[in-house]
Protein chains: 2
Amino acid sequence: MSHTTIKDIAVRLGLSTSTVSRALRNHPDISEETRKNVTKLAEELDYRPNLFAQGLKNQQSQIIGVIVPQVKHYFFSAIMSGITDVAYKAGYTVIICQSNEDFQREVTNAQTLLSQRVAGLLVSVSQNSDNLEHFDIFIRRNIPVVFFDRVPDCVNSSCVTVDDYQGAYKAVEYLVKQGYRRIAHIGAQDNLSISANRFKGYADALKNNNIPLDETLVVFTGLNEEHGMEGFDQLHARLDTLPDAIFAVTDPVAVGAFIRIKELKLRIPQDIALVGFSDNPVVSLIDPPMTTVHQPAADIGKTAAGLLFEHIQSGRQFQPKHVVLPTELIVRQST
Amino acid sequence: MSHTTIKDIAVRLGLSTSTVSRALRNHPDISEETRKNVTKLAEELDYRPNLFAQGLKNQQSQIIGVIVPQVKHYFFSAIMSGITDVAYKAGYTVIICQSNEDFQREVTNAQTLLSQRVAGLLVSVSQNSDNLEHFDIFIRRNIPVVFFDRVPDCVNSSCVTVDDYQGAYKAVEYLVKQGYRRIAHIGAQDNLSISANRFKGYADALKNNNIPLDETLVVFTGLNEEHGMEGFDQLHARLDTLPDAIFAVTDPVAVGAFIRIKELKLRIPQDIALVGFSDNPVVSLIDPPMTTVHQPAADIGKTAAGLLFEHIQSGRQFQPKHVVLPTELIVRQST
DNA sequence: ATCGTTGCCGCAATCGATTGCGGCAACGAT
DNA sequence: ATCGTTGCCGCAATCGATTGCGGCAACGAT
């Protein structure tokens, strides 16, 4: 038992495939009676249009591609959830690829999605992507691309980011106002603007509050939980006395540091304060609940998908936009 | 600038499309020199095969479809990560749909994936799916389907589950051995085997340890955090004295109860013990770290995807399998 | 009787890749 | 000179849906 085609319907009704096609698409040339016969039989035979044939003919798919570094991180899965919902309402299907922070895999993913002739592409680049040429061909072939969260220099394509600099600045300034002076930073040394901007917000907040930047208080390890542990270990090994407070580049990094601090039986925030970035659900549940910078994850997904569909629909005259969503400092008991 | 086709290459080299196609597929009929010319030009022109044309011709896609209730829940995103990795290695692309626990949306998703002519389907059914006819057509058309975690009666298709009954049984028996007697259950009243089996494990563990099942200690609300709060509220309103311990059907439900317990300033486990099911990362970080039943989420995804590819490759003679993965009780400080 | 109009439908080309079949050139063997 | 073989390649059909163009039947108008 194979798939029902338009031809099966045509033969059974003594019609041409043209007529069946038109009937299914409600073309005005087709009489009401024929249309009813066709749709009835199509339903009976469980007809589903072959999207290969449609795509081939129309040179367009109803698929959008998404490339994220890690599917299982809350931040990205929340974004994907937002994207998926917007796409569903627009009648599009979503192909999700994860690069696993691997540059080569990101390139392969992009090529696969190009072969799929996706109608558009949503990308958050992997951590060690210094080269973004694999996306150029989408631009050249006029396939809309929207970058989100982790973005390159957005010249020819739209971007959705949050205000990383402001978020970091406000968080660190808050720490200063609370009386903390030796404020450490665990960040990531990569090509990502989020890492750079959050570090810059940290540095500027210190500077503008007359606290010199102490380089021994800054380590660069990465963006995940294990990097948080590693970063804390480096600070612990390097310093005679631990810092007053730590501003971590992401919530997972903060959680990594949190685990180490707990292992050392230190009290938060009395011995050391801790601030993350993202507002993952987990950080509100740990003890003490952690102060963090809220990022509207689902909104990022929805906004990025919205921009993409806007671009798809308006075609060449679309002007790339750079949307910056606000962040918000969520003060909890870790500071 | 549109997509490069096999014809573009053929024209530029004065060859036929047949020859170009064969050259790209390393057909032995093609001379080494021609093959080199073709592959070189293909690279220069950034040729990517049109998967619509290939799919149409081969009546097969290199796409597998995945339907999950919720993308952003850790358990499912971890499974998806496993699936995505296995698929990537097998050269397949993954389309992910989320049903949002909505039956109608699950049906629509299935139809979309059928139109996409997916090579196979991985499904975890939504909570209120009492009717599974929308998957019958895949079976009839010989498209492999593997259900995971939330499965129907697996007769004609493969299934991957964990041992829900044993997991629940061991958890509740452990509570009994620890001396707890008034053990409540917050579960879900739905058509899912996971809910039924975990409740059955709970009930049997009590019975076999000579504790009568007290129906006032059992509430059925749902599978998510808000249902945990709701379930706890119902118990709180109904009972004069709260139970000794709560066995929750999932970790999110346990976390919901956890939040309420904390709000009431009760101590865990002195005033009330708490056990979840899944071993989400969050439950090891809260205070106290929560006892739970570990489910190997990534393994579920990998096993399900593995079974699917096995089925795809062996075709009609494949015998559906039902794989049950073991669970493990992780004892922490909440009991 | 001729013509124009309207309603309704079919022919055939098209999208891009694949592949069975056939065919030509070049060569050596007889 | 004829024949068979080998290497290499092209013709043309095919997958399923779409659509410009044309065409026929039926009808009323002149």
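Throughout, protein chains are lettered first and strands after them, A, B, ... in sequence-line order, and every chain is numbered starting at 1.
- Counting heavy atoms from C-beta outward, B:L51 and B:Q54 have side chains that approach closer than 4.5 Å.
- If you check D:dC24 for Watson-Crick or wobble pairing at under 3.5 angstrom, you find it paired to C:dG7.
- Looking at A:S18, its side chain comes within 3.5 Å of the base of C:dC11 through a donor and an acceptor atom.
- Dashed line: the shortest gap from a side-chain N or O of B:Q54 to OP1 or OP2 of C:dT18 is under 4.0 Å.
- In this structure, A:K36 atom NZ and C:dC8 atom C1' are separated by 17 Å, rounded to whole Å.
- Summarising the geometry, the separation between CG on A:N26 and P on D:dT18 is reported as 12 Å, rounded to the nearest angstrom.
- Looking at which nucleotide of DNA chain D each of A:N58 and B:P28 is closest to, the 5′-most match is held by B:P28.
- What separates CZ of B:F52 from P of D:dT18 is a distance of 13 Å, to the nearest Å.
- Mapping A:A53 and A:S16 onto DNA chain C by nearest heavy atom places A:S16 at the nucleotide closer to the 5' end.
- Residue order along DNA chain D, read from the 5' end via each residue's closest nucleotide, puts B:I30 first among B:Q59 and B:I30.
- The residue among A:E32 and B:Y47 whose nearest nucleotide of DNA chain C is located toward the 5' end is A:E32.
- When each of C:dA17, C:dC8, D:dT18 is scored by its nearest atom to the side-chain atoms of B:T5, the top-ranked nucleotide is C:dA17.
- Using a 4.0 Å cut-off, no side-chain N or O of B:T19 falls inside it from OP1 or OP2 of D:dC9.
- Counting only heavy atoms from C-beta outward, the side chains of A:I67 and A:F135 approach each other to under 4.5 Å.
- Contact annotation for A:N50: backbone-only contact, meaning every heavy-atom pair under 4.0 Å involves sugar-phosphate atoms and none involves a base.
- The main-chain N or O of B:N26 is never found under 3.5 Å from a side-chain atom of B:R35 such that the two would form a donor-acceptor pair.
- Residues B:I63 and B:R117 have side chains not in contact (no heavy-atom distance under 4.5 Å, counting atoms from C-beta outward).
- Contact annotation: B:T34 side-chain N/O to D:dC9 OP1/OP2 distance is under 4.0 Å.
- Look at C:dT30: its Watson-Crick or wobble partner, with both distances under 3.5 angstrom, is D:dA1.
- Whole-Å rounding puts the B:R117 CZ to D:dC15 P distance at 14 Å.
- Here the C1' atom of nucleotide C:dC9 and the NE2 atom of A:H27 are 11 Å apart, to the nearest Å.
- In this structure, B:L56 places its CG atom 12 Å from P of D:dT18, rounding to the nearest Å.
- Taking only side-chain atoms of B:L15, from C-beta outward, the nucleotide of C:dT18, D:dG10, D:dT19 with the closest atom is D:dG10.
- Across every strand in view, D:dC15 sits in a pair with C:dG16 that passes the Watson-Crick or G-U test at under 3.5 angstrom.
- Crowding of A:Q313 atom CD: a count of heavy atoms from other residues, nucleotides or ligands under 6.0 Å exceeding 12.
- Within the structure, a side-chain polar atom (N or O) of B:S31 is placed less than 4.0 Å from OP1 or OP2 of D:dC9.
- Side-chain atoms of A:S61 and A:Q116 form no donor-acceptor pair, as typed in the model, at a separation below 3.5 Å.
- In this entry the distance linking CZ of B:R22 with P of D:dG7 reads 16 Å, nearest Å.
- In this entry the distance linking NZ of A:K7 with P of C:dC11 reads 12 Å, nearest Å.
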